Amino acid sequence: MARPGNKIIQAKLVLLGDMGTGKTSLVLRFVKGQFFDHQEPTIGAAFFTQILSLPEATVKFDIWDTAGQERYHSLAPMYYRGAAAAIVVYDISSMDTFARAKKWIQELKKQGNPNLIMALVANKSDLEPDREVETEEGEQLSQENGMVFIETSAKTSVNINELFYEIAKRLAKAS
Ligand code: GDP
Ligand code: MG
């Protein structure tokens, strides 16, 4: 039950990022608390909902995951349409995915709504020995674009709830 004065915010959230960076894994970890070492690349219809309660608001996320279309390095405009928030994901063990994250950000700026809340996610932080992208590089890119920045691991659960919590807080502030 929402408390009096507690806003209810329904927000479409989309995920972008190269294939294999862990988008589906992040969503499954957040929504179901699950992780699979052999996540099927094109699994599922890719629509999930999850509710997150903050003191100031209750946020109902409608989460749109890709079904592998990112393989073609682009996503249909209807995928972004109406989105209030977007998460751009790269893999800390792959500089290529970081370079591509810059492209995804540009695409969002072009196609997304002007008030879009954006987060840059450096996933697979458990692969520290194989790190190719320094934390500072991610921080800088996020700052240049006014994005939330966080390093996560869908595998070990590190910072997954924090990611969605930060987005929810920004949504509540903006609404
Ligand atoms: P997507 O193509 O971006 O949706 O990526 P997936 O969620 O399908 O993940 C691709 C592969 O990376 C799968 O084998 C996952 O098990 C693995 N993976 C996803 N997140 C992590 C993580 O945080 N750490 C590690 N080590 N592997 C991950
Ligand atoms: Mg996927």
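Because the structure is a prediction, the values reported are computed rather than measured. Numbering of ligands and ligand atoms starts at 1, following listing order.
- Under 4.0 Å from ligand 1, heavy atoms of T24 appear from its side chain as well as its backbone.
- At least one N/O/S atom of T24, whether from backbone or side chain, sits less than 2.8 Å from the Mg ion (ligand 2).
- Those atoms of ligand 1 that come under 4.0 Å of a heavy atom in M19, given as number and element, are 2 (O).
- Taking the side chain to side chain contact (heavy atoms under 4.5 Å, CB included) definition, one finds that V133 meets it with Y90, M95, F98, E137, sequence neighbours left out.
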Stepwise, does the side-chain hydrogen bond (donor to acceptor under 3.5 Å, both in side chains) test hold for E151 with N159?
CA-CA 7 Å; E151 292 199 330; N159 277 344; over 6 Å; no
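- Nearest heavy-atom pair across L108 and A86 is CD1-CB, 3.7 Å.
- For a threshold of 3.5 Å applied to N or O pairs, the pair formed by L127 and ligand 1 contains no separation below that value.
- Within the structure, ligand 1 has G20 among the residues with a heavy atom less than 4.0 angstrom away.
- Using 4.0 Å as the threshold, D18 has a heavy atom nearer than that to some atom of ligand 1.
- Atom numbering of ligand 1 starts at 1 in the shown order; those under 4.0 Å from a heavy atom of K23 are 1 (P), 2 (O), 3 (O), 4 (O), 5 (O), 7 (O).
- A pairwise comparison of heavy atoms in A84 and N113 identifies CA-ND2, 4.3 Å as the closest pair.
- Listed by number with element, the atoms of ligand 1 under 4.0 angstrom from any heavy atom of F36 are 15 (C), 16 (O).
- Salt bridge status for K23 with D65: absent, with no side-chain N to carboxylate O gap under 4.0 Å.
- Contacts of F35 with ligand 1, taken as heavy-atom pairs under 4.0 Å, involve the side chain alone.
- Under a 4.0 Å criterion applied to the non-hydrogen atoms of S153, ligand 1 contributes the atoms 23 (O).
- Counting only distance, with no hydrogens or angles, the side chain of S125 and the backbone of T152 share a donor-acceptor pair below 3.5 Å.
- Contacts with ligand 1 closer than 4.0 Å are made by backbone heavy atoms (N, CA, C, O) of D37 only, the side chain lying farther away.
- When every heavy atom of K124 is checked against every heavy atom of I92, the shortest pair comes out as O-CG1, 3.3 Å.
- Ligand 1 has an N or O atom lying under 3.5 Å from an N or O atom of K155, backbone or side chain.
- In summary, the side chains of E139 and Q143 do not present any donor paired with an acceptor at a separation below 3.5 Å, with no hydrogens or angles considered.
- Using a 3.5 Å distance cut-off with no hydrogens or angles, the side chains of Y80 and E107 do pair a donor with an acceptor.
- Considering backbone and side-chain atoms alike, D65 places every N or O at 3.5 Å or more from each N or O of ligand 1.
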